[in-house]
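Okay, structure first, notes after.
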Amino acid sequence: MLTQRLVLTGDEAHDKPLIQQAAAIIRAGGLVAFPTETVYGLGADALNSEAVRRIFTAKGRPAWDPLIVHVDTPDAIRRYTRDCSVLTEQLIRAFMPGPLTLVLPKQEAISDVVTAGRDTVAIRIPQHPVARALIRYSGTPIAAPSANKFGRPSPTTADHVLHDLNGEIEAVLDAGQTPMGVESTILDMTTQPPTLLRPGGVPKEAIEAIIGRVRVLGEPIPEGESLPAPGLSARHYAPQAKVLLCAPEPDIFYGTLKDALSQYAIVGALRPDSWRAPDDPRLRLFEWGAWGDWETLAQRLFLGLRALEKEQAHAIVCPLPPEEGLARALRDRLLRAAR
Ligand code: AMP
Ligand code: MG
């Protein structure tokens with residue numbers, strides 16, 4: 001199969017026919033990768049089981065790992081789920097469209113393939129104008145996990161998508177780099193209090209300011225066990241290189257790089273601005289951004305992991321962000337990548 005790259009310019013007259021072409025592929029049961037504000041998604045018609053099955057095949061994703069359904073209005077959330085509580089309505093009003101996914105009891109129409117046989121569905125309204133237009137023109141909810149091979153770092157550019165999936169999907173809508181760079185926050189609304197299944201673009205603190213206390217799941221659980229949320233499988237988001245995490249102190253970062261250089265032939269690092277690194281030709285530095293500027297560091301995390309992998313780094317050194325705000329999402333992805 002030839003994968004078409006549909007390059008968008010941001011000019012409506014230019015982009016509209018391309019997005020409509022992609023929507024026609026979705027309606028016909030095909031697969032289209034598209035930008036969201038978080039990462040690129042791999043979309044199929046969520047009401048078409050055959051189409052959704054192809055997502056699992058293309059990604060090499062196990063069938064027990066359910067997908068997120070993307071819709072374009074709060075009404076569509078109510079249509080495809082049941083029991084929208086007061087808390088759910090408050091979250092919809094506060095954060096949608098945006099990087100928040102809610103797990104809710106599902107309606108019949110959503111394919112069991114999407115939910116891996118569960119009676120709940122994970123659903124969200126993306127904010128990216130291209131994602132919104134694609135859903136609208138398709139006239140159907142779109143099931144979409146991240147558009148990478150299972151277990152790999154999520155794609156934040158169309159090049160990342162093509163690196164993993166070229167020849168296995170019909171098209172990718174290329175709108176450049178995705179603005180946030182980490183996936184949506186996933187909140188299970190079927191428990192009391194609601195449970196944070198995956199930290200992401202909307203910080204837990206912001207959610208608690210609206211609905212009160214949220215339960216947090218513990219540490220990553222081992223591969224193969226029954227998973228409340230598949231992104232929780234132990235090793236995930238991982239480049240081929242070994243990821244070595246260190247405490248977020250410039251001196252410790254320097255020492256960790258020294259150690260790594262004594263053990264690995266080529267060493268990469270996600271380097272915060274102005275943090276010192278040893279002078280060694282075997283070192284590959286990705287200039288990550290200012291430590292503490294979590295928006296920038298989030299946007300560039302997967303970009304950096306993939307760039308260093310491309311430079312053949314055998315190990316990648318990275319300071320571990322703290323457990324707060326948006327940093328919690330970066331910390332989560334890095335802990336899983338390091339397993
Ligand atoms: P991805 O978009 O590739 O990060 O994967 C979709 C994510 O959606 C998974 O990691 C799950 O955490 C989550 N998910 C989808 N459906 C459900 C569900 N019914 N219950 C809990 N989590 C879900
Ligand atoms: Mg994923």
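Atoms within each ligand, like the ligands themselves, are counted from 1 in listed order. Hydrogens, waters and symmetry mates play no part in the numbers below; they use all other heavy atoms, side chains included.
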Of Lys59, Arg118, Arg61, the residue with the heavy atom nearest atom 5 (O) of ligand 1 is Arg61
Could you label the plane-to-plane angle of the Phe34 and His70 rings as parallel, tilted or perpendicular, counting under 30° as parallel and over 60° as perpendicular?
-> perpendicular
In a check of salt bridge (Lys or Arg N to Asp or Glu O under 4.0 Å) between Glu183 and each of Arg336, Arg198, Arg333, which one passes?
-> Arg333
Applying a 4.0 Å heavy-atom criterion (strictly less than), which segment of Val103 is in contact with ligand 1: side chain, backbone, both, or neither?
-> side chain
Is any N or O atom of Ser146, backbone or side chain, closer than 3.5 Å to an N or O atom of ligand 1?
-> yes
Please work out whether any backbone atom (N, CA, C, O) or any side-chain heavy atom from C-beta onward of Asp188 is under 4.0 Å from ligand 1, and answer side chain, backbone, both or neither.
-> neither
Using modelled atom types only, decide if a donor and an acceptor are shared between the side chain of Thr3 and the backbone of Gly167 within a distance under 3.5 Å.
-> yes
With no hydrogens and no angle check, is any side-chain donor or acceptor of Arg132 less than 3.5 Å from a backbone partner on Asp72?
-> yes
Which one holds for Ile186 and ligand 1: side chain close, backbone close, both close, or neither close, with close meaning a heavy atom under 4.0 Å?
-> side chain
Hey, are Glu309 and Arg284 close enough for a salt bridge, meaning a charged N less than 4.0 Å from a carboxylate O?
-> no
Closer than 2.8 Å to the Mg ion (ligand 2), how many protein N/O/S atoms do you count?
-> 1
Give the numbers and elements of all ligand 1 atoms closer than 4.0 Å to a heavy atom of Ala122.
-> 14 (N), 15 (C), 16 (N), 17 (C), 23 (C)
Ignoring hydrogens and angles, write down the donor-acceptor pairs under 3.5 Å from the side chains of residues 245-265, residues two or more places apart or on other chains.
residue, atom, partner, partner atom, Å
Thr256, OG1, Ile252, O, 2.7
Ser262, OG, Asp259, O, 2.5

Could Asp119 and Arg82 be called an ion pair, given the rule that one side-chain N must be under 4.0 Å from one carboxylate O?
-> no
Leu197 heavy atoms, cut-off 4.0 Å: which ligand 1 atoms fall inside?
-> 21 (C), 22 (N)
Side-chain donor/acceptor of Glu37 to backbone N/O of Met180, under 3.5 Å = no
Give a yes or no answer on whether the side chain of Thr185 reaches the backbone of Gly200 with a donor-acceptor pair at less than 3.5 Å.
-> yes
